Amino acid sequence: MSKQGVTPRSEDYSAWYNEVVVQAELVDNPEKTPVRGCMIIKPYGYELWEAVKSNLDRRFKETGHQNAYFPLFIPMSFLEKEADHVEGFAPELAVVTHGGGKELAEPYVIRPTSETIIGEAMSRWIQSFRDLPLLLNQWANVVRWEKRTRPFLRTSEFLWQEGHTAHATHDEAQAEALQMLDIYAEFAIEKAAIPVIKGQKSDQERFAGALRSYTIEAMMGDGKALQAGTSHNLGQNFARVFDIQYVDENNEQQYCWTTSWGVSTRMVGAIIMAHGDDQGLRLPPEIAPIQVVLVPIWRKDEEKVGVLEVVDRLRDTLKAKGLRLHVDLRENVTPGYKFNDWEMRGVPVRIEIGPKDVEKGSAAIARRDIPGKAGKEFINQDKVVDHVLQLMVDIQANLLKQATEFRDSNITIVENDYEKFGEILRNNGWALTWFCGGAECENRTKEDFQAVSRCFPLDQPQPAMKGKCICCEGEADRMAYFAKAY
RNA sequence: CGGGGUAUGGCGCAGUUGGUAGCGCGCUGUGUUUGGGACGCAGAGGCCCUCGGUUCGAGUCCGAGUACCCCGACCA
């Protein structure tokens, strides 16, 4: 790269994002990746995804789910069984027509999601109420042929987990959908430090084939919204078309109630856009692949010996505390280069050890959430471990605090004022307003402001109250967030 | 799927009236450096997107094709 640093966010947010993901080495340069719309996730980016993955996987297992794996290929006829479902996905399907040099009798679809093939399996596996609930999850790749793609946010192939469960009653399925939404929100807030809002999707924005769809909505650094995770109560739609039935206690056949829920590599995009600054990434310590980077500095070989002695000692004591740590021993770049490099990669804490520190028994500690020299201080080497452990907590909390304050300062409650409503949306703000949920109204806001409802928050600001829909002025019993979205 | 643009070392680009390719960064070696993106010296590295045409001669001119990028309509 001939260029140093990235385009400032304020100048061109989109350019900033595209440059950061490449310069922080999360992905291969998309313009060079040979498969259009797909991404090569580089090791550092994949480690970030693994942090998301391992956190969620643990929570899924804690709540009784088991991992399984279903085929990448799905018979075309499976998708066609659920009318809404196939209609929703038809335009973005990749289809395999040939195999082993011969045309297939029935084409396979490369899964855009697995409700159908898992539904078919469930229909064979479930016999009795004793087989329920069936709580499955799979970690997989899926393909949706997207016209415009962006690394992590929208790619033709992406990685995700998709949970699929079957229950005896509507209420159990509903509870499951809400439980998984809670798990997503908890992860987003506590680990990714993104203050997401839990809500229900409007009928227009609902998953194709679902009874109800829920979402965690996150605000990005430019004010736009990003759906960071979803869960669906699929009702009996898939159970009916795939014949997922069980015999209840009274020996009667009943259709199951199913759910599905997913978080994808888009979450990585959310982390980048929720926290990044003009220096690059800022990663929350909880999920940062590298939490602490040690940069040794020396001029002469005799200094090097003393410096490395201190560096090795600090490395060992910090590692003993369970910190994910890296020592940057590169000799072909200067310390200044390294500082910028690690800031671009978003490492929460950097420790610099130079000859002066060896002499004075000190260490320079720089915290990434406060950029540049302002976030740097010199402390006694004896205090480094405690200080760094405290910084992990402080930085985690501070990133969440900053993101929350930013979000709240960009949300405006608006009632009965379509002009003001539009103004908020045009300025990339979020409008919280009464909304009847109707398709006509939503189409109108989309046309007028390129913005639709993000969700009806589960946590309603004025529960039990009613208002006038911002569009049609008809009765609305819930408020919804509207915003431009990724 | 509509509109615009680009294609030349790893990356970013230049290349005049057509004469057989250059700059910066990076890379390799080496020496001096190293506390906020170091410098000197010596090197390596090119099917100029593809096919066809014009010409003694094409990176350059003409034609066709392909790929990609940007802007709009569709989307986890």
Side-chain angles (χ1 to χ4, degrees), chain A residues 1-6 12 14-15 18-19 22-23 28-37 87-93 111-113 141-150 152-162 184 201 204-208 210 213 215-217 226-232 260-267 269-270 279-280 295-301 303-304 307 328-344 350-360 362-364 366 371-376 378 446-447 450 452 485-486:
Chain A
M1 275 295 166
S2 57
K3 190 173 157 190
Q4 285 177 348
V6 288
D12 185 342
S14 176
N18 292 337
E19 291 166 22
V22 173
Q23 289 208 30
D28 182 41
N29 184 344
E31 291 176 27
K32 304 293 168 184
T33 302
V35 184
R36 194 174 123 86
E87 196 185 321
F89 284 110
E92 46 192 53
L93 292 178
R111 63 179 165 223
T113 179
N141 57 338
V142 288
V143 167
R144 299 180 188 177
W145 216 259
E146 297 290 348
K147 293 182 175 119
R148 294 190 64 189
T149 58
R150 310 193 64 193
F152 298 112
L153 300 175
R154 173 167 291 107
T155 46
S156 290
E157 179 191 17
F158 57 94
L159 306 181
W160 75 346
Q161 57 69 217
E162 47 180 325
Y184 289 158
K201 284 289 183 186
Q204 291 69 240
E205 295 293 299
R206 198 182 56 209
F207 174 71
S213 287
T215 174
I216 50 170
E217 293 290 324
L226 182 77
Q227 178 176 306
T230 53
S231 75
H232 315 286
S260 67
W261 27 275
V263 157
S264 72
T265 33
R266 177 181 269 189
M267 181 63 87
Q279 265 54 252
V295 180
I297 299 158
W298 67 80
R299 288 171 214 268
K300 302 163 193 156
D301 279 352
E303 288 174 339
K304 179 178 174 180
V307 165
D328 190 348
L329 290 170
R330 287 179 290 179
E331 298 200 22
N332 57 334
V333 290
T334 60
Y337 181 93
K338 292 177 183 179
F339 300 162
N340 287 285
D341 193 30
W342 293 110
E343 282 170 10
M344 180 65 68
R350 182 182 70 244
I351 304 175
E352 306 163 18
I353 301 292
K356 288 178 215 158
D357 298 303
V358 174
E359 197 181 309
K360 295 183 201 160
S362 62
K373 287 181 182 169
K376 190 148 121 178
F378 287 85
K446 187 176 193 171
E447 217 164 277
Q450 292 84 49
V452 294
Y486 280 98

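Since the model is a prediction, treat every value here as computed from it, not as a measurement. The chains referred to below are lettered A, B, ... by the order of the sequence lines, with proteins before strands, and numbering in each begins at 1.
- With both ends at atom C1', the span from B:C56 to B:G3 equals 43 Å, rounded to whole Å.
- Rounding to whole angstrom units, CG of residue A:Asn29 and P of B:G26 are separated by 18 Å.
- Using a distance-only test at 3.5 Å, with no hydrogens or angles considered, a donor-acceptor pair links the side chain of A:Gln23 to the main chain of A:Gly5.
- Taking the P atom of each, B:C70 and B:G65 are spaced 24 Å apart, rounded to whole Å.
- Contact detail for A:Pro355 and A:Ile297: the closest heavy-atom pair is CD-O, 3.2 Å.
- Every residue meeting the side chain to side chain contact (heavy atoms under 4.5 Å, CB included) condition with A:Thr113, not counting sequence neighbours, appears here in chain and number order: A:His85, A:Phe89, A:Glu115, A:Arg144, A:Trp160, A:Glu162, A:Phe207.
- Shown here for A:Asn18 and A:Val22, the closest heavy-atom pair between the two residues is O-CG2, 3.5 Å.
- Comparing the P positions of B:G52 and B:C68 gives an interatomic distance of 23 Å, to the nearest angstrom.
- Heavy-atom nearest nucleotides on RNA chain B were determined for A:Arg266 and for A:Thr149, and the one closer to the 5' end corresponds to A:Thr149.
- In this entry the distance linking CD of A:Glu19 with C1' of B:C11 reads 13 Å, nearest Å.
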Next item on the list: Go along nucleotides 30-39 of chain B 5' to 3' and tag each nucleotide: B for a protein heavy atom under 4.0 Å from its base, S when only backbone or sugar atoms are that close, - otherwise.
Entry: ----BBBBB-

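- Comparing the C1' positions of B:G22 and B:U32 gives an interatomic distance of 30 Å, to the nearest angstrom.
- Comparing B:A44 with B:U34, their P atoms are spaced 31 Å from each other, to the whole Å.
- Contact check, A:Arg148 against B:C71: a side-chain N or O comes under 4.0 Å of OP1 or OP2.
- Look at A:Glu343 and A:Arg350 and you find a salt bridge, because one of the NZ, NE, NH1 or NH2 atoms lies within 4.0 Å of a carboxylate O, short of that distance.
- Rounded to an integer number of Å, the gap from CD of A:Glu31 to P of B:G10 is 16 Å.
- The distance between atom NZ of A:Lys147 and atom P of B:C70, rounded to the nearest whole Å, is 16 Å.
- Ranking B:C11, B:A73, B:A76 by closeness to the A:Gln227 side chain, first place goes to B:A76.
- Without hydrogens or angle criteria, A:Arg111 side chain to A:Asn141 main chain gives a donor-acceptor distance under 3.5 Å.
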Next item on the list: Dot-bracket notation for RNA chain B is requested: 5' to 3', Watson-Crick or G-U wobble pairs only, both distances under 3.5 Å, with ( ), [ ], | and . as defined.
Entry: (((((((..((((.....[..)))).((((((.....)))))).....(((((..]....))))))))))))....

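- Distance A:Glu205 CD to B:C74 C1': 12 Å, rounded to the nearest Å.
- The side-chain heavy atoms of A:Asn340 and A:Gln279, taken from C-beta on, include no pair separated by under 4.5 Å.
- Here the C1' atom of nucleotide B:G10 and the CG atom of A:Asp28 are 12 Å apart, to the nearest Å.
- Contact annotation for A:Phe158: base contact, defined as any heavy-atom pair under 4.0 Å involving a base atom.
- Side-chain atoms of A:Arg266 come within 3.5 Å of backbone atoms of A:Leu153 as a donor-acceptor pair (strictly under, hydrogens ignored).
- To the nearest angstrom, P of B:G72 lies 16 Å from CD of A:Glu447.
- Rounded to whole Å, the P atom of B:U17 lies 33 Å from the corresponding atom of B:A67.
- The existence of a salt bridge linking A:Lys201 and A:Glu217 is confirmed by a sub-4.0 Å separation between a basic side-chain nitrogen and an acidic carboxylate oxygen.
- Across B:A38 and B:G46, the matching P atoms stand 29 Å from one another, rounded to whole Å.
- Among the protein residues, A:Ser260 comes within range of no part of the nucleic acid, since none of its heavy atoms lies under 4.0 Å from any strand.
- A gap of 11 Å separates the P atoms of B:A7 and B:C61, to the nearest Å.
- Taking atom CD of A:Glu87 as the reference point, atom C1' of B:C74 lies 13 Å away to the nearest angstrom.
- Judged purely by atom type and a 3.5 angstrom limit, A:Gln161 uses its side chain to pair as donor or acceptor with the backbone of A:Val263.
- For the pair A:Arg330 and A:Tyr337, the minimum side-chain heavy-atom distance is below 4.5 Å.
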